[in-house]
Amino acid sequence: MSNAPKDEYTVRQEKIKELLELGVNPYPYKFEKNVKSIYLKQNADNLLNKEFSFAGRIVLKRVFGKLIFANLRDEYGDLQIAIEKNKANVHGTEELDALKFFKKYCDIGDFIGVKGTLIKTKTGEPTILVKELYFLTKGIRQLPEKWHGLQDKELIYRQRYLHLIDSLEAREVFKKRTKIIYEIRKFLNDRGFIEFETPVLQPIYGGAHAKPFKTYANALKTDLYLRISDELYLKRLLVGGFERVYEFSRDFRNEGIDRLHYPEFLALEAYAAYWDYYDMMKLAEDMLSYLVKSIYGTYEIEYQGEKINFTPPFKRISYIDELSQKTGFDIINAREEVIREKAKKEGLKGWNKLDRWRLIDKLFDKLIGDEIKDPTFVIDHPRAISPLAKAHREKPDRVERFELFVLGMEIANAFSELNDPIDQKRRFEEQLKQREQGNTEIPPEIDYDFINALEYGMPPAGGIGFGIDRIIMLLTNAHSIRDVILFPQLRPREED
RNA sequence: GGGCCGUUAGCUCAGGCGGUUAGAGCACCGGAUUUUUAAUCCGGUGGCCGCAGGUUCGAGUCCUGCACGGCCCA
């Protein structure tokens, strides 16, 4: 037997043994909790002296000689309990006094249940005066510090459960995420859209420009890709006869991680037959303003110190006209050297490597996108960077497309959808040429089955894709996309 | 990919001018305490100072490399 001091991990495991010796199961099966902390706190005055059965995790303890106060945290918040000497027993052990038991065996981090009466203390704090204490779960690791909480970003991401235990605000962010998705579903369902599920694993990836994750299906003896978009499948549903369709699509892009990008993200794509992109602008305006209002009760929100106004209608600016004006040359017809020169001047990486259209798009992001604050539709993009959009009905070299920007972030992308199979095939072939010239983000294979589908006839349609994580960032005032993703990937850390 | 910053006890942080044995608070252990709410008071346990080299009589501290993380830029 060593006299070496024991660390807490060991001490707590020994408490488990002692609990067993007392006949108390440290990990029992169930407890009949019949009230939420928030309900008791909000309605305390009407509920005084009534009996309740409550449970939660011990987050604070204040131990006096013959009286203990503790805060139990449930999903909704903290509630105080009080245990007086010789007034409460421990479930399953008739003779044990709950005060003594709590003092010795109940640590911060453990779950307990209590049955008792709701009272208010001298200071007016709603409190359950315990009559019977139930031990529910022993925690053998120490929780983060009670006042500052968990601060280390790495631990916050790697051990999100700890962050959630620790921070009620963090719980709010992720609850809000769920609420936002719920509200979007409601909004679309109310307008006759039907939610469908399409393949996550795709034999030919498409619908966007991005590097994919690749995998292999043993049963089919074939390569498959995690989808970078579900666009081409939702359009097949329009061909199939559905008129308003949508899908929340977890998409995967094997690219960099930063404040706005993450390899698996949540997109929402929606398509409506017989609509054009003007109808989709209306939908985007209505949906976003509805969301902001349903969450904040107003159209104005503050994000990272910036005020953003979501009152519809949103501003519209022309991609080509605006960019031509900013650069001082005609974007469509400018010679490549001129564009390159400008890109170099703006300090864009790859100014001497990227093709003209990618340079133009980078120039756009830098000169215009980054400057946008309030929601703004950027409309009528160059045809060459929009292979799935219909040619503009009036303006040559342009397509009927818009991107919605908020505070420099691209939030949505929409078109009057291209439904001419011959044009579509030609555009895909043009894209392939761009790939051959070094744009590796363009899918290497044409999805001929999609062309085939169009050949049966897809009705005229408007389509839109939203970046849901970014919308959630805006509505939860999150600085980084990782702050709205529960379990973000980090590099593996060597085990000790 | 580039720049800057960080990594010290389970957690939150000091120490950074190289000098015996590395500090505090929380948590935990022991004691006192019947109205606290970050309770308080007294006493105690707990460290490969991210990892590996180097400089030096001597490194948590200075130098180099690496790892992980954060922020900014591309």
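Chain letters run A, B, ... following the sequence lines, proteins first, then strands; residues in each count from 1. The basis for the numbers below is simple: all heavy atoms, side chains too, and nothing from hydrogens, waters or symmetry mates.
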> In whole Å, what is the span from the CZ atom of A:R259 to the C1' atom of B:C71?
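Rounded to whole Å, this separation is 11 Å.
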> Specify the residues of residues 156-165 of chain A, ordered by number, for which at least one heavy atom lies under 4.0 angstrom from an atom of RNA chain B.
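Heavy-atom contacts with RNA chain B come from A:Y157, A:R158.
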> Please list, by residue number, the residues of residues 57-81 of chain A whose heavy atoms come closer than 4.0 Å to an atom of RNA chain B; answer none if no residue qualifies.
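Heavy-atom cutoff 4.0 Å gives A:L60, A:K61, A:R62, A:V63, A:F64, A:G65, A:K66, A:L67, A:F69, A:Q80.
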> On a whole-Å scale, what distance lies between the C1' atoms belonging to B:C72 and B:C29?
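Taking atom C1' in both B:C72 and B:C29, they lie 46 Å apart.
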> Taking the side chain of A:R491 as heavy atoms from C-beta outward, which of B:C29, B:C68, B:A39 is closest to it?
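Taking heavy atoms from C-beta onward, the closest nucleotide is B:C68.
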> Show me the donor-acceptor pairs within less than 3.5 Å that the side chains of residues 68-78 of chain A make with the rest of the protein, sequence neighbours left out.
residue	atom	partner	partner atom	Å
A:N71	OD1	A:R62	NH2	2.9
A:R73	NE	A:D78	OD1	2.7
A:R73	NH1	A:I165	O	2.8
A:R73	NH1	A:D166	O	3.1
A:R73	NH2	A:D78	OD2	3.1
A:D74	OD1	A:S37	OG	2.6
A:D74	OD1	A:Y76	N	2.9
A:D74	OD1	A:G77	N	3.2
A:D74	OD2	A:K33	NZ	2.9
A:D74	OD2	A:S37	N	2.8
A:D74	OD2	A:S37	OG	3.4

> Between the protein and nucleotides 6-10 of chain B, list every N/O to N/O distance that falls short of 3.5 Å.
residue	atom	partner	partner atom	Å
B:G10	N9	A:Q142	NE2	3.3

> Output side-chain donor-acceptor pairs under 3.5 Å for residues 359-369 of chain A, partner residues at least two apart or in another chain, one line each.
residue	atom	partner	partner atom	Å
A:D361	OD1	A:Y319	OH	2.6
A:K366	NZ	A:E346	O	2.9

> Suppose we screen for side-chain hydrogen bond (donor to acceptor under 3.5 Å, both in side chains). Which residues come up paired with A:Y225, at least two apart in sequence or across chains?
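Counting only residues at least two positions away or on another chain, A:Y225 forms no side-chain hydrogen bond (donor to acceptor under 3.5 Å, both in side chains).
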> Once salt bridge (Lys or Arg N to Asp or Glu O under 4.0 Å) is applied, what residue pairs with a partner in residues 314-328 of chain A remain, sequence neighbours excluded?
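Pairs touching residues 314-328 of chain A that pass the test: A:D321-A:R398.
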> What distance, rounded to whole Å, do you find between the two C1' atoms, one in B:C11 and one in B:A38?
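Here B:C11 and B:A38 have their C1' atoms 14 Å from each other.
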> Do any side-chain atoms of residues 42-49 of chain A form donor-acceptor pairs under 3.5 angstrom with protein atoms, and if so which ones, sequence neighbours left out?
residue	atom	partner	partner atom	Å
A:N43	ND2	A:Y39	O	2.9
A:D45	OD1	A:K120	NZ	2.8

> Where each residue is assigned the nucleotide of RNA chain B containing its nearest heavy atom, which of A:D258 and A:R482 is assigned the position nearer the 5′ end?
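That would be A:R482.
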> With sequence neighbours left out, write down each residue that passes salt bridge (charged side-chain N to carboxylate O under 4.0 Å, His left out) with A:E14, or none if nothing qualifies.
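A:E14: salt bridge (charged side-chain N to carboxylate O under 4.0 Å, His left out) contacts with A:K6.
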> Answer yes or no: does atom NZ of A:K36 have more than 12 heavy-atom neighbours from other residues, nucleotides or ligands under 6.0 Å?
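Open: at most 12 neighbouring heavy atoms sit under 6.0 Å from NZ of A:K36.
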> Is there a residue in residues 354-371 of chain A whose heavy atoms reach under 4.0 Å of RNA chain B, and which residues are they?
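RNA chain B contact set from residues 354-371 of chain A: A:K366.
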> Among residues 8-23 of chain A, which residues get a heavy atom nearer than 4.0 Å to RNA chain B?
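Contacting residues: A:E8, A:K15.
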> Can you measure A:K85 atom NZ to B:U34 atom C1' for me and round it to whole angstrom units?
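Between C1' of B:U34 and NZ of A:K85: 11 Å.
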> Rounding to the closest angstrom, what is the interatomic distance between B:U20 and B:U12 at atom P?
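After rounding to an integer number of Å, I get 28 Å for this pair.
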> Applying ring-ring contact (aromatic ring centres under 6.0 Å, His included) as the test, list every pair that has at least one member in residues 81-118 of chain A; sequence neighbours left out.
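Listed by first then second residue: A:H91-A:Y134, A:F101-A:Y105.
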> Determine the Euclidean distance between corresponding P atoms of B:G31 and B:G50; express it in Å to zero decimal places.
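Comparing P positions in B:G50 and B:G31 gives a spacing of 36 Å.
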